[in-house]
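Worksheet for the structure shown next.
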Amino acid sequence: MKTIIEPFRVKSVEPFRMTTRTEREAILRKAHFNPFLIHGKDVMIDLLTDSGTSAMSAEQWAGIMRGDECYAGSESYFRLQRVVAELTGFDHVLPTHQGRASERILFELIGGKGKVVPNNSHFDTTRANVEHSGATAVDLPIREASCPSERHPFKGNMDIDALEATIARVGVQSIPAVMVTITNNTCGGQPVSLENLRAVRRICDTHGLPLILDACRFAENAWFIRTREAGYEHVPVRSIVREMFDLADGATISSKKDGLVNIGGLLLLRSPELFRKASNLLILTEGYVTYGGLAGRDLEAMAQGFTEIVEEDYLSYRIRSVEYLGEKLLKAGVQIIDPPGGHAIYIDAAHLAPHIPRDQFPGQSVVCGLYRIGGIRSCEIGSVMAGPGRPPAMELVRLAIPRRVYTQSHMDYVAEACEELFERRSELRGMRITEAPDVLRHFTAKFEEID
Ligand SMILES: Cc1ncc(COP(=O)(O)O)c(C=O)c1O
């Protein structure tokens, strides 16, 4: 059958308000042309992020009721620990309130002035935590990653030669760990092959370096390996997941993605010594080691989420539905990062609005256009987000697809809005920033349209 069906029935619905174009024009102006400043109730299809926006299953909600709220030794923690250990092979499991808390603890322990952390591509919070520790974050994506139209099955891979060159240049003593982000969010939610992960591991072994995964979307990455990497067609997703984690010495995870929960994270460590130190830091700022800043009910929902995420019917539907939207956009002439990644479609805004110079933020203009046409909220990932003096490789607009939330007809609606935007692209206008903070300006900056 060609039709993708959602492998679930809907038990509870969350209505949204249908707005008119006139209403949206006023809302956009009131929000200073920044969708982060629009109230959720004024958004029809919210594709701002796939993080913490999943719909939980009936079993997860049942887990919410079962949550054991003991301060210490909660049964919900032990269930989570068992599920994660079975899935990843890591016995040392620390819950955190979200991914960046795991990053903060890790880099407080292994980062510091003069250190250099190579990664295929750092996500912005990972980079911020590396830099906050005084270390330098270095991105080493493969060449194909910066060309939206160049197809590559594993566009998220790390450039192996560049990793060798970086180690030779900065010296092995400066590198506390090598990181690999699966999937590579910054480069378009693109997967990393097991072949590439093994090559990184070999280099780490040669130099005695630990390998840490930023594994927020490990299950989506595993599905791409199964469907694209030779020899894995018949390997169960759980085995692929295990093979990926077996190559690592640690992992930071935002459970708000492939944990299928609205809040939560994990820090996984192989070294008992590092785990002991991380536990002490966790207690300092997050909470006791068996809850890490979360409620027992959150731990239950997370344990169940990590069980459901590796179901192959779910993953097949998930990846196919993102690809379906990507195919529709390409057919309409909208250039996207091709092939589509696992959790989002990234529109090449520089291609869609070539008449808008980069310093007039073509991505922000496309984001506003999509809101005007369809009440769809998306996110600029280009010069606005990168900040002054850090020109990004691409001007992108991300349509992140929340897990298990929208149906195929919602995707058809999004595609129709993108088609209309493409047809009327000459009407898009450049933007000017009227007010912005020094860091992470995309969240609160105010804009106006240039006449
Ligand atoms: C690859 C990657 N790493 C880390 C994070 C940070 O996770 P959190 O938002 O839970 O702090 C994210 C969140 O989007 C991410 O995509």
Side-chain angles (χ1 to χ4, degrees), residues 36 46-54 94-108 111 117-133 137 139-141 145 155-158 177-192 197 212-222 224 244-245 248 250-268 282 285-286 292-294 298-299 301-302 305-306 309 318 322 337 341-346 378-381 385 396 398-403 440 442-443:
F36 280 98
D46 204 347
L47 307 183
L48 189 67
T49 177
D50 66 316
S51 179
T53 51
S54 299
L94 286 179
T96 57
H97 81 276
Q98 62 183 82
R100 68 198 69 182
S102 309
E103 293 162 0
R104 206 266 306 150
I105 292 170
L106 180 70
F107 290 109
E108 193 166 330
V117 180
N119 197 326
N120 48 349
S121 302
H122 288 83
F123 179 68
D124 57 9
T125 60
T126 326
R127 171 177 294 279
N129 275 296
V130 168
E131 290 175 354
H132 183 69
S133 80
D139 288 347
L140 305 172
K155 231 172 170 174
N157 280 354
M158 178 177 264
V178 175
M179 277 194 95
V180 177
T181 306
I182 53 172
T183 56
N184 187 335
N185 184 2
T186 310
C187 288
Q190 297 289 322
V192 174
L197 265 182
I212 307 287
L213 296 179
D214 175 345
C216 301
R217 300 178 180 87
F218 68 94
E220 290 171 4
N221 201 81
F224 281 116
M244 295 185 319
F245 280 102
T252 55
I253 300 182
S254 166
S255 309
K256 297 169 75 176
K257 286 81 173 175
D258 277 355
L260 290 172
V261 286
N262 306 121
I263 195 70
L266 293 173
L267 177 58
L268 311 182
L282 185 86
T285 56
E286 294 274 307
L294 296 169
D298 299 325
L299 305 177
M302 207 197 295
F306 280 121
I309 195 68
R318 164 75 177 160
V322 174
I337 292 192
H343 68 287
I345 293 298
Y346 291 68
S378 55
C379 184
E380 194 265 7
I381 302 200
M385 188 182 266
L396 301 171
R398 186 180 74 176
L399 309 177
I401 317 295
R403 292 169 182 79
L440 297 174
H442 56 292
F443 289 124

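Every number for a ligand or one of its atoms is a count from 1 in the order of the listing.
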Hey, are the side chains of [X] and [Y] touching, using non-hydrogen atoms and a 4.5 Å cut-off?
X	Y	value
R318	D258	no
S51	H343	no
R217	D50	yes
I345	V322	yes
M302	L266	yes

Under 4.0 Å from any heavy atom of [X], which atoms of ligand 1 are there?
X	answer
T125	4 (C), 5 (C), 6 (C)
R217	1 (C), 15 (C), 16 (O)
S254	7 (O), 8 (P), 10 (O)
T181	1 (C)
D214	1 (C), 2 (C), 3 (N), 4 (C)
E103	3 (N), 4 (C)
K256	10 (O)

> With sequence neighbours left out, what residues match F443 under side chain to side chain contact (heavy atoms under 4.5 Å, CB included)?
Replying inline: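 Residues passing side chain to side chain contact (heavy atoms under 4.5 Å, CB included) with F443: F36, L440.
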Tell me whether [X] has any N or O atom under 3.5 angstrom from an N or O of ligand 1.
X	value
R100	yes
T183	no
G99	yes

>> Go through it in stages, so that I can follow the logic: the residues are L396 and I337, the test is side chain to side chain contact (heavy atoms under 4.5 Å, CB included), and I'd like the CA-CA distance, side-chain angles, deciding distance and then a yes or no.
In response: CA-CA 9 Å; L396 301 171; I337 292 192; 3.8 Å; yes
> Hey, is G265 one of the residues with a heavy atom under 4.0 angstrom from ligand 1?
Replying inline: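 Outside the 4.0 Å threshold, so no.
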> Can you list the residues that meet the side chain to side chain donor-acceptor pair (under 3.5 Å) rule with S102, with sequence neighbours excluded?
Replying inline: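 Only T96 meet the side chain to side chain donor-acceptor pair (under 3.5 Å) criterion with S102.
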> When you look at I381 and Y346, which way does the side chain to side chain contact (heavy atoms under 4.5 Å, CB included) test go after all the steps?
Replying inline: CA-CA 9 Å; I381 302 200; Y346 291 68; 4.2 Å; yes
Tell me which protein heavy atom sits closest to [atom], plus the residue, atom name and distance to 0.1 Å.
atom	value
atom 8 (P) of ligand 1	Q98 NE2, 3.3 Å
atom 5 (C) of ligand 1	F123 CD2, 3.3 Å
atom 14 (O) of ligand 1	K257 NZ, 2.8 Å

